[in-house]
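Single-structure report; data block below.
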Amino acid sequence: MRRSRAFIPTTKEAPSDAQLASHIYLSRAGFVSQVASGLYNYMPLGKRVIKKIENIINEEMHFAGAQEVELSFVTPADLWKESGRIEKFGKELLRFHDRKENMFVLGPTHEEMMVDMVRNRVTSYKQLPLNLYQIKTKFRDEARPRFGLMRGREFIMKDGYSFHSSVEDMDREFDAMEAAYKKILTRLGLDFRIVEADSGAIGGSGSKELMVIAGSGEDTIAICDTCEYGANVEAASRSGRTNIPEAPIAEFNKFKTPDVKSIEDLENFFKVDGYYIMKCVAKRAVYEEESEIVLFFIRGCDNLQKVKAQNATGALDIVDVSEEELKELGIVPGFIGPLEQAKAKHVIDIDLKDAKHMICGANEENYHFINVDMSVMDEAYYFDIAEVNEGDACPCCDGKLSFTKGIEVGHIFKLGTTYSSALKAEFLDENGKAQPFVMGTYGMGVSRLVAAIIEQHHDENGCIWTKESSPYMVNIMISNVKDDAQVTLGEELYAQLQKANIEVMLDDRKERFGFKMKDAELIGFPYTIIIGKELENGLVQIFDRRANTKTDIDKNMIFSKIIERI
RNA sequence: CGGGGUGUAGCUCAGUAUGGUUAGAGUACCUGGUUUGGGACCAGGGGGCCGAAGGUUCGAGUCCUUUCACCCCGACCA
């Protein structure tokens, strides 16, 4: 492509609403333009990057035996009613009616559609397993789109669905997809981590997220410094503690603690580590039809993990409660304990199971119990509800956990039979018995990857594309288009590289050196061949964007040298 | 969905407290010239329903009412 003919509107200044590096540089370098909140146009460079990513995904999917399909973007609302997700998804589903007043939704994900396509067409275990995927625009009417391409309402996603006759076979495919995803992200040149995740609203027996490591990531992940373990904090667990503080020695007793309510107050009052103090977090668990107050008990040194709390109660949502609401129930805020507490449901963190020497509220104004032995509590109360802390022990080895930020670019689920059962998608097994498909689902955000690459690979001058993601591999810069020798060499090289199937841009604009360099850096071509004043001495240069180095090359060697680098 | 902010040239923003020439700057764009190794310089030029609707006024970018859009914090987020 000749730069003089290319539609690449670069700007010196970023739009004022861009906050993230990826948003700023993708806008400034002319990859994307915003049309409305959460909606973006891909201009030629952006479209090329999208295609690069799609091609890699396609190659790896075909290699893994998955087949590409394309499902209708507009989907009948009836399917969503059938699966029950029309309520669950709520306002994120963009609904509308056609001229015949039938309701449709714009697909935010395509489990229902894919199951519908397969059901009654695949009817025997002999036709399984099957893995179908598509790369397609999705729409979610997010309450608050933000961060440019990172969280748009309209976005491009690769979504794959696999169908199996057994859980074992689904597990095998899940591992195969994890491996395929790993290859895709590796090829894209990304630093990433595959972590244990919460399965969220989609359900299923297990899931993993693919996290691109970047400070601007929205997710916090706990990773082990010794082994491969990594998990979203929403799902991270820990092994038993090793450095347990010294236990306070005392008899079981009710102790007067006037106006001593917070964990910090109690630590000072009793001169005891928060480890031995029971913290109560009161929340309201909201279910489909009703809601109730739930008391969550954790150690004073821990914090409640909201997603875990939600899973422990089976609630759709966990919301705050006021002290007044608690008092109405006869609960005494500041002095809540699990003993003799029948006013509200309670859930106790697993780390408190059989704990001894504990201090907890006595459910009476200004009193705490001391030296409480938790082994008296019923097992049914215990769940893992505490958020892991940095420095906690890895659940897999002796390592220590630390936190880092990640961008979720993929999420793979062991779905099981949730959707196949709801939609009555069944096959006949070896015994002629009808069974729902055992399913897996595998998502990867294509447009989000575009942003993630830049979040991880940029500097103050702009984008730095990795080789497999770059819109063009080589940029040939003619410093001065009035110099015939420079133009001749540039044109020659351009023709040569095109013939060699290298994606090449020829910057033949009548602009000054500095202007063109800034532009090349902003766009982020991996290599720019600078044909300039050194040509008099028979030299040109290769500018390596990533290394930020310029290397002199004999003009006769330039073609072979650049091929070498690519 | 709660709280806050901003809408003026393609982009970044002045101007709005106190209404009053023809609405400005930088940048980008066009023409001519000089320049040609880090977003150059000089001269000339085009470009605006001041987000929209209604109102107050002799007069509104500026005051009042309504509305829309976008952004930020939070809630939410397969």
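Keep in mind that what you see is a predicted model, and the values were worked out from it rather than measured. To find a chain, count down the sequence lines: A is the first, B the second, and so on, and within it residues start at 1.
- In this structure, the CG atom of Asp519(A) is 12 Å from the P atom of rA40(B), given to the nearest Å.
- Across the protein-nucleic acid pair, Ile8(A) atom CD1 and rA28(B) atom P stand 18 Å apart, rounded to whole Å.
- Applying the salt bridge (charged side-chain N to carboxylate O under 4.0 Å, His left out) definition to pairs two or more places apart or across chains, those involving residues 37-48 of chain A are Arg48(A)-Glu503(A).
- The nearest whole Å value for the distance from the CZ atom in Arg151(A) to the P atom in rC77(B) is 10 Å.
- Look at the C1' atom in both rC63(B) and rG47(B): the space between them is 30 Å, to the nearest Å.
- Checking Asp459(A) against Tyr25(A) by side-chain atom types alone, no donor-acceptor pair falls below 3.5 Å.
- For rG61(B) and rC50(B), the P atoms lie 7 Å apart once the distance is rounded to whole Å.
- We find that CE of Met477(A) is positioned 9 Å from C1' of rG38(B), with the value rounded to whole Å.
- Base pairing annotation: rC41(B) forms a Watson-Crick or G-U wobble pair with rG33(B), both donor-acceptor distances under 3.5 Å.
- For Asn537(A) (side chain) and Leu539(A) (main-chain N/O), no donor-acceptor pair under 3.5 Å exists by modelled atom type.
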Output one line per pair: protein atom, nucleotide atom from nucleotides 68-72 of chain B, and distance, for all N/O pairs under 3.5 Å.
from, atom 1, to, atom 2, distance (Å)
rC70(B), OP1, Ser37(A), N, 3.0
rC71(B), OP1, Gln34(A), NE2, 2.9
rC71(B), OP2, Ser37(A), OG, 2.8

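- Spacing between atom CD of Glu218(A) and atom P of rA75(B) amounts to 11 Å, rounded to whole angstrom units.
- Thr551(A) meets the side chain to side chain donor-acceptor pair (under 3.5 Å) test with Arg565(A); sequence neighbours excluded.
- Judged by distance alone with a 3.5 Å cut-off, a donor-acceptor contact links the side chain of Lys550(A) to the base of rG38(B).
- When the P atom is used for both rG5(B) and rC64(B), the distance is 15 Å, rounded to whole Å.
- Under the side chain to side chain donor-acceptor pair (under 3.5 Å) criterion, Glu408(A) pairs with His411(A), sequence neighbours left out.
- Atom CZ in Phe513(A) sits roughly 14 Å away from atom C1' in rA40(B) (whole-Å rounding).
- Counting only distance, with no hydrogens or angles, the side chain of Lys138(A) and the backbone of His110(A) share no donor-acceptor pair below 3.5 Å.
- Every residue meeting the salt bridge (charged side-chain N to carboxylate O under 4.0 Å, His left out) condition with Asp317(A), not counting sequence neighbours, appears here in chain and number order: Lys306(A).
- At a cut-off of 3.5 Å, with distance as the only test, no side-chain donor of Ser207(A) or Lys414(A) sits close to an acceptor on the other residue.
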Return a table of donor-acceptor pairs under 3.5 angstrom between the side chains of residues 515-526 of chain A and protein atoms on other chains or two or more places apart.
from, atom 1, to, atom 2, distance (Å)
Lys516(A), NZ, Ile478(A), O, 2.7
Lys516(A), NZ, Arg509(A), O, 2.5
Asp519(A), OD1, Thr10(A), OG1, 2.8
Asp519(A), OD2, Arg3(A), NE, 3.4
Asp519(A), OD2, Arg3(A), NH2, 2.4
Asp519(A), OD2, Arg509(A), NH2, 3.1

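- The Glu92(A) side chain lies nearest to rC77(B) when the options are rC77(B), rG37(B), rG39(B).
- Across the strands present, rC1(B) finds its partner in rG74(B); the criterion is a Watson-Crick or G-U wobble pair with both atom distances under 3.5 angstrom.
- Comparing rG59(B) with rU22(B), their P atoms sit 15 Å apart, to the nearest whole Å.
- Pairing partner, rU56(B): none, since no Watson-Crick or wobble contact has both distances short of 3.5 Å.
- Within 3.5 Å, no donor on the side chain of Arg28(A) pairs with an acceptor on the base of rG10(B), nor the reverse.
- Annotation: ring pair (Phe, Tyr, Trp, His ring centres under 6.0 Å) contacts of Phe192(A) (sequence neighbours excluded): none.
- Atom CD of Glu13(A) and atom P of rC11(B) are 11 Å apart (whole Å).
- Of the listed nucleotides (rU36(B), rG26(B), rU27(B)), rU36(B) has the atom at the smallest distance from the side chain of Asn480(A).
- Classification of rA25(B) as anti follows from a glycosidic angle more than 90° from 0.
- Note on Pro15(A): only backbone sugar-phosphate atoms sit closer than 4.0 angstrom, heavy atoms only; bases stay farther off.
- Atom name C1', nucleotides rA60(B) and rA53(B): the rounded distance is 15 Å, in whole Å.
- Of the candidates rC1(B), rG39(B), rG38(B), rC1(B) carries the atom nearest the Ala143(A) side chain, counting heavy atoms from C-beta on.
- For the residue pair Glu292(A) / Tyr287(A), a side-chain donor-acceptor distance below 3.5 Å is found, with atom types taken as modelled.
- Among the heavy atoms of the strands, none lies under 4.0 Å from Lys138(A).
- The Lys12(A) side chain lies nearest to rG39(B) when the options are rG37(B), rG39(B), rG26(B).
- Nucleotides rG45(B) and rA28(B), compared at atom C1', are 14 Å apart to the nearest Å.
- Formation of a donor-acceptor pair under 3.5 Å by the Lys136(A) side chain with backbone atoms of Leu71(A) is found in this model.
- When each of Asn461(A) and Phe155(A) is assigned the nucleotide of RNA chain B bearing its nearest heavy atom, the one mapping closer to the 5' terminus is Asn461(A).
- Every residue two or more places apart in sequence or in another chain was checked for a ring pair (Phe, Tyr, Trp, His ring centres under 6.0 Å) with Phe155(A), and none qualifies.
- Interface residues of residues 534-549 of chain A facing RNA chain B, ordered by number: Glu534(A), Gln541(A); criterion, heavy-atom separation under 4.0 Å.
- Which of rC1(B), rG38(B), rG37(B) sits closest to the side chain of Glu521(A) comes down to rG38(B).
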Heavy-atom contacts, protein to nucleotides 29-34 of chain B, under 4.0 Å, summarised as B (base), S (sugar-phosphate only) or - (none) per nt, yield ------

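- In a base pair of the Watson-Crick type (N1 to N3 plus N6-O4 or O6-N4) or a G-U wobble (N1-O2 and O6-N3), with each distance short of 3.5 Å, rU67(B) is matched with rG51(B).
- Contacts of Asp317(A) with the nucleic acid, taken as non-hydrogen atoms under 4.0 Å apart, involve only primed sugar atoms and P, OP1 or OP2.
- Nucleotide rG24(B) forms a Watson-Crick or G-U wobble pair with rC13(B), both donor-acceptor distances falling under 3.5 Å.
- Distance noted for atom P between rG3(B) and rC41(B): 48 Å (whole Å).
- Only the C1' atoms considered, rC49(B) is 13 Å distant from rA23(B), to the nearest whole Å.
- rU62(B) makes up no base pair with any nucleotide shown, lacking Watson-Crick or G-U wobble contacts both under 3.5 Å.
- Between Ala14(A) and Lys482(A), it is Ala14(A) whose nearest contact on RNA chain B lies nearer the 5' terminus.
- Residue pairs meeting the salt bridge (charged side-chain N to carboxylate O under 4.0 Å, His left out) criterion with at least one member in residues 476-486 of chain A, sequence neighbours excluded, do not occur.
- Asn389(A) pairs by the side chain to side chain donor-acceptor pair (under 3.5 Å) definition with Asp302(A), not counting sequence neighbours.
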